[in-house]
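Structure first, then comments.
Read the numbers this way: they start at 1 and go in the same order the structure lists the ligands and their atoms.
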Amino acid sequence: MGFWVRVALDVPVQGLFDYCSAVFVPIGTRVIVPFGRRKLVGVVVDTPSQPAIDPGIAKLVEEVLDDTPALPPDWLRLASFAAQYYQRPLGEVMLPALPAGLRKVSAYQGKRSAGGPVRRMDKRAKPEPAIVGADVPPALNPAQAQAMQAIAGQQGHKTILLHGVTGSGKTEVYLHAAQAVLARGGQVLFMVPEINLTPQLEQSLRTRLAGIAGGEMLAVMHSGLADGERLRAWMRAHRGEARVLLGTRLSIFAPLPDLGLIIVDEEHDASYKQQDGLRYSARDLAVWRGRDRNIPVVLGSATPSLESWNHAETGHYLRFSLPERAKAVELPSVRLVDTRRLAMQQGFSPQLIKALGERLEAGQQSLIFLNRRGYAPVLNCASCGWVSQCPRCTAYTVLHRAGTARRNYLQCHHCGYQARVPHACPDCGDQDLKPMGRGTQRVEEYLAELFPSARIARIDADSTRLKGSAAALFAKVHAGEVDLLVGTQMVAKGHDFANLGLVGVLNADAMLFAQDFRAPERLFAQLMQVAGRAGRHVKGGEVIIQTDYPEQPVYQALLRHDYPGFAEYGLAEREAVGLPPYAYQALLTAEARELAAALDFLAHARQLPERFADQYPTASALTLYDPVPLRVVRVANIERAQLLVESANRPALQAFLTTWASALATEARAFRVRWNLEVDPLEI
Ligand code: ADP
Ligand code: ZN
Ligand code: ZN
């Protein structure tokens with residue numbers, strides 16, 4: 001009577017769904033099927049000879065979507081691996097990985113539909129931007145050439161860790177290796193952590209590719225694209241028209257029939273981790289995909305993750321180091337200013353103020369880096385101790401200045417809650433309310449006082465809220481219209497400031513003593529990155545770090561630009577206490593109106609392996625910690641708690657999680673909680 005198809009659907013239910021079809025439907029094809037009272041787009045993942053359900057109740061496939069080639073087998077394998085590894089139903093992995101136009105029924109059926117997005121899109125296809133002319137690539141230096149040959153000459157799979165400070169020529173190595181792979185007919189997936197980093201690279205790639213087969217070979221994919229643009233990039237990758245795909249983490253799920261090389265730039269960057277839905281690491285999936293496709297994968301960074309560095313140390317990854325900056329500019333010198341016995345002014349040491357003055361005098365730019373936006377992190381009553389707090393979160397509200405004093409406001413950075421600044425203390429009525437601590441706005445204000453003739457700009461999430469304003473601010477800096485730049489981590493990445501001589505770092509200690517065990521690693525990476533902004537073109541670049549703890553290993557390693565030294569120390573410390581990469585972790589988080597409900601659910605979850613011991617044969621190889629409230633326990637009136645699972649044995653952990661996750665899906669119903677399970681969490 002027909003053919004059976006097994007379909008993955010984006011529904012929060014484990015399992016696949018069988019339907020009957022009048023025509024044969026190949027694996028990897030998308031279909032529209034009825035599901036309850038709805039219709040859904042699904043992906044055919046199997047064509048069984050017999051259904052797993054009673055054939056009498058089976059429903060029919062409504063429409064076979066053949067407007068795109070079927071999803072290839074390696075794409076299906078990648079999705080299956082991700083589903084199994086991250087403990088998610090297959091459909092919840094596959095469908096969200098597709099562009100919106102390919103997974104919405106409304107794109108195909110209904111009044112407005114013109115029979116699928118893909119056909120309409122082809123009519124509106126925009127021409128590619130013109131090529132400005134191929135540039136002449138620099139000849140690689142010996143260290144670069146060695147790395148490039150190892151990548152391009154790789155037969156089969158290998159992960160290659162390319163370690164080199166900013167400006168050491170990693171990008172040149174990627175470009176040369178990509179050219180070699182393109183020349184022999186392969187596709188290249190080039191991943192970067194953030195959208196902001198794509199324009200500069202896009203330009204380099206376009207001019208380089210022009211020399212081989214025209215710039216049309218490039219497609220760009222990130223979350224900032226409109227649905228149509230993203231669909232178009234995806235289709236061009238899928239059809240093999242785009243030979244290079246430049247993209248952020250989501251591009252790891254693009255089908256690439258001739259994939260021959262994957263490059264992951266800034267591999268340590270937390271942006272490769274998806275933080276909701278399927279919480280995948282695009283970096284880790286890249287390594288898996290490279291192994292599955294039997295092709296090389298390049299991970300590049302000035303400060304590799306300790307996980308990747310450890311893989312290199314143990315010989316699992318090949319490692320190449322680019323020890324120097326490619327051009328004849330020295331790395332900036334790093335100075336630690338011990339702030340313990342200094343008379344500080346508004347958070348500035350006399351040394352930093354003096355250095356800023358000298359750079360101004362010399363006509364150079366300076367950057368003050370401070371990872372805290374707003375004017376002051378909290379407003380405080382000096383007489384009774386009242387502090388400004390968010391009514392919905394366990395957090396202070398941050399004081400923001402806005403033009404006039406009357407428009408100043410308090411804002412919660414966790415939930416977005418805003419309130420007016422009170423005239424007097426709500427508790428005791430005292431009018432003497434004072435801002436405590438400082439954020440970028442207050443630093444900007446103080447710098448204007450100190451250096452009245454200097455041109456000052458601030459770049460943070462507030463000053464760049466309007467579309468295009470970030471680009472405009474950066475353009476001003478590049479054009480030399482700014483002397484002093486104040487910024488958060490937004491300024492740390494990628495930008496190549498021609499005339500920047502000095503970087504001053506405020507409040508680094510706060511990052512060092514964050515609770516997370518990865519805090520020192522993150523701080524080191526971030527400071528190396530901001531330090532990389534200084535002296536890229538001017539001689540005598542300097543970084544001044546103010547700290548109460550100059551003897552801390554992180555700062556000592558920074559002083560020497562010594563990533564390997566830092567990594568050695570960091571890994572030894574992790575090994576001593578059994579933390580990643582010497583152990584594997586998973587984090588169960590529960591959210592509820594009442595903290596007790598969240599904790600109850602976690603306590604219940606923790607008991608399951610004891611109560612049903614026969615279902616959890618690997619449980620003895622695991623540690624399940626006590627459920628604990630999160631540090632910021634309440635956000636937007638939702639209480640949050642978590643339970644950490646840890647093991648030195650990854651297969652044991654995986655086996656456990658598979659049973660556990662499906663049990664939790666059932667058990668959670670009785671608890672009125674929302675929960676999620678995160679494998680390899682980045683923050684704990
Ligand atoms: P990274 O990616 O490590 O930050 P880049 O590849 O962007 O470094 O190189 C930094 C700068 O040095 C760029 O301006 C690049 O054109 C230049 N460069 C790279 N390799 C060489 C080389 N072998 N000779 C001369 N200049 C080079
Ligand atoms: Zn008071
Ligand atoms: Zn809040």
- Task: Check the pair Glu266, Val192 against side-chain contact (heavy atoms from CB on, under 4.5 Å), reporting the backbone distance first and the verdict last.
- Result: CA-CA 7 Å; Glu266 309 285 359; Val192 290; over 6 Å; no

- Message: Could you check whether any side-chain heavy atom of Pro426 comes within less than 4.5 Å of a side-chain heavy atom of Trp386, counting everything from C-beta outward?
- Response: yes

- Task: Could you walk me through whether Asp462 and Gln441 pass the side chain to side chain donor-acceptor pair (under 3.5 Å) test, one step at a time?
- Result: CA-CA 10 Å; Asp462 298 308; Gln441 283 188 322; 5.6 Å; no

- Residue set satisfying side-chain contact (heavy atoms from CB on, under 4.5 Å) with Ala514, at least two apart, ordered chain then number -> Ala519

- Query: Which residues and atoms, counting only protein N, O or S, are under 2.8 Å from the Zn ion (ligand 2)?
  - Reply: Cys381 SG, Cys384 SG, Cys425 SG, Cys428 SG

- Item | Residue pair Phe497, His478: steps toward the ring pair (Phe, Tyr, Trp, His ring centres under 6.0 Å) verdict | CA-CA 6 Å; Phe497 301 120; His478 286 296; 5.2 Å; yes

- Message: Using a strict threshold of under 4.0 Å (side-chain N to carboxylate O), is an ion pair present between Glu683 and Arg631?
- Response: no

- Quick check: are there more than 12 heavy atoms from other residues, nucleotides or ligands sitting under 6.0 Å from CD of Glu313? yes

- Item | Of the protein N/O/S atoms, how many lie under 2.8 Å from the Zn ion (ligand 3) | 4

- Message: Treating His157 as the side-chain partner and Pro296 as the backbone partner, does any N or O pair qualify as donor plus acceptor under 3.5 Å?
- Response: no

- Message: Quick check: do Arg243 and Val188 have side-chain heavy atoms less than 4.5 Å from each other?
- Response: no

- Task: Answer yes or no: is there an ion pair linking Arg283 with Glu307, defined by an N-O contact shorter than 4.0 Å?
- Result: no

- Just by distance, do the side chain of Gln411 and the backbone of His400 share a donor-acceptor pair under 3.5 Å? no

- Task: Determine the interplanar angle of the His311 and His316 rings, folded into 0 to 90°, and report it as parallel if under 30°, tilted if 30 to 60°, perpendicular if over 60°.
- Result: perpendicular

- Note on the structure: Sorted by chain and residue number, the residues with a non-hydrogen atom under 4.0 Å of ligand 1 are Pro138, Ala139, Leu140, Asn141, Gln144, Val165, Thr166, Gly167, Ser168, Gly169, Lys170, Thr171, Glu172, Ala326, Lys327

- Message: I'd like to know whether OH of Tyr396 has more than 12 heavy-atom contacts from other residues, nucleotides or ligands below 6.0 angstrom.
- Response: no

